[in-house]
Amino acid sequence: MRDAIEFQDVHFAYSNQPESLRGINVAVREGSKVALVGPNGAGKTTLLLMCNGMLRPTRGEVRIGGVPVQYDTRSLREVRRKVGLVFQNSDAQLFAPTVWQDVAFGPLNLGMEKHEIEEAVEQALHQVGMNGYERRPPHHLSGGEKKRVAIAGVLAMDPEVLVFDEPTSALDPATAEEVMDLLDELNHEGRTILLSTHDVELAYRWADEVILMEDGAVLRHGSPETIFSDPALLHQARLKPPAVLDLYRELSDRGYFKDKTPPRSALEFTDLVEGLASSMPAHDECGTIHLWDAAGTDSTALAALLSSGSVAWVGAMGTRAKRRASEEGIVPDFTYGVIDKCLLRAVAGEDSLILTTGGMLDHTCERIVTYARESGREIKIRAIG
Amino acid sequence: MENILDDYAHQNALRDVDTRLKLVLGGGAIAVGILSTAPVAPVLIAVSMAAITVFLARIPGRFYATLLAIPLSFAVLSAGVILFLQGGGEPLIALPVGGFTLTATTGSADMAALVLARTFAGMCSLFFIAFTTPMVEIFAVMRGLRLPAEFVDLAMLIYHFIFMLISEAVATHNAQEIRQGYTGFRNSLRSFPMLAGALFVRAWEKGEELILAMDARCYDGKFPLEERKDGPSPQSTAAVAAYLLAVGIIALLTRGIQIF
């Protein structure tokens, strides 16, 4: 696979300061989800600002899609269209008087035609679930809404790579998870995503690959399991292991879990622990997971199912499904980590319903079938409508 | 709390009425009020504009009254000054103050009443615009009037950064307050310049951040503005025309009426 972003021996120093990047050699594969993790002052933000030419390396080279970044105005425009950068502080990013004007800023400056701009803005706001907010001023929005608008402003330029500096800092936990869900959705569309974070739980669950940085250099680049399983490495980088891995490690130090892969989620961990129990509780039948295509027009089957009262839990996955849920007057119990939570409920013998759209329908089925096969349980999937 | 006026402008019941129409109504009422030579028409304008703002646009009356009290207190003061400094006509009252005698005449009383009425009319009309029309819509009209893009873009950025500056000021003020920054006159005297200094530095930093943010999205000298396609409805246009015509005629007919 091609590399979306490639750093080759990148050095950088702010004027009259010691070097803040000391020879970075790292590459981000196209279509991957990569988390840049490290303590304060490790140089994460500096590195991210190089991804779209906001900063120029004092030595070394940055390549975007295999092409070295040129720092003349014309080339920089192309680079910034391809690589969208979302700042940590949404207030710093939103400067126009209304949401519409802010999202339209990129497309207009790229020289799009009027109808193209309108289309791009409409679509970007739709993707982040913020249509209907066009004429609101950004300073009237909540933190999560501001973050979504900031993402829309970058999406409107249709970038191939999205770079986020601390996307979930200053957001409450549920909003943070929903923003991460949105990033997953964008990744499903084939966009490469690189983000920086302190949040090890988030990085561990979400990322395909983790780049661990410390003091202007890359300490390690690898899978989340390998990096977060190394206590010495984490200590050096002033991080702590994710709770699931911490529990897993303590239990394996006591001699459990021989040759098992470390769990990535609460679901995997629960199964591992259950496998240990010598006397398994007599299993009732697993619950059924109902699936409803939230893009469908006919909601009679959905209404019938909900009014029958057999479904104990409802999850909405993705922006469109969430919007549809609120239109149908459904308050979902799960708005993030939906598949895992519904699987956990199913194993506990309860029925659930997942609302989702498009390619995520297939993805959901696949996840459930794979899980059922690997765990040897029989979990029924029923498409409704 | 700091941007409550702006909040009302965004939520009032007349938000979706065509901006140009609202500006013509407010502006027209101001013009008629100022051109009137007798207080009847301005009082009528003031009362009707206040009624439109409170009842049609559904702005809470209490908040409206509080806000209106600020400019009106100034107007009352200046009317008082005019009452005793202007001359002409018959003397009405004479107040001996120490060695002087302050005399109000019929001429000065009429003048004071007119000034008060005009100010009242002007403020109510201006408040109508301020409460029903968000700045954002006025920017669109400014661009529609072909004002220079540099001027309109700058105005938009200034508008946005007013709120940034206010929130910075509130945050810094709170930080000083919790450490006794404003207990006693001396402390206040010390804290305030620090607040101003900190704000200057923060504003400078925000400016640099703005340049970064604009560059990151390929800034090329253009600032978007949403264009509204729908014009004013014929009914509302007719209503505004009828209103302005009516107050105009009343101002003409009552131009000779004096109270005193």
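Numbers restart at 1 for each chain; the letters A, B, ... are given by sequence-line order, proteins then strands.
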Q | chain B interface, residue from A:Gly153, A:Pro137, A:Gly106, A:Gly111 that has the most non-hydrogen pairs under 4.5 Å | A | A:Pro137
Q) How about B:Phe161 and A:Phe95: are their ring centres within less than 6.0 Å of each other? A) no
(Q) Determine whether the aromatic ring centres of residues B:Phe131 and B:Tyr64 are separated by less than 6.0 angstrom. (A) yes
Q | Region of B:Met214 that comes under 4.5 Å of a non-hydrogen atom in chain A | A | both
Q | Within-4.5 Å side-chain heavy-atom neighbours: A:Pro57 and A:Phe7 | A | no
Q) Given a strict heavy-atom distance threshold of 4.5 Å, which part of A:Phe87 is in contact with chain B: side chain, backbone, both, or neither? A) side chain
Q: Heavy-atom distances under 4.5 Å only: say whether B:Tyr219 touches chain A with side chain, backbone, both or neither.
A: both
**Q.** From B:Thr132 atom OG1 to B:Glu137 atom CD, the distance as rounded to the nearest 0.5 Å
**A.** 10.0 Å
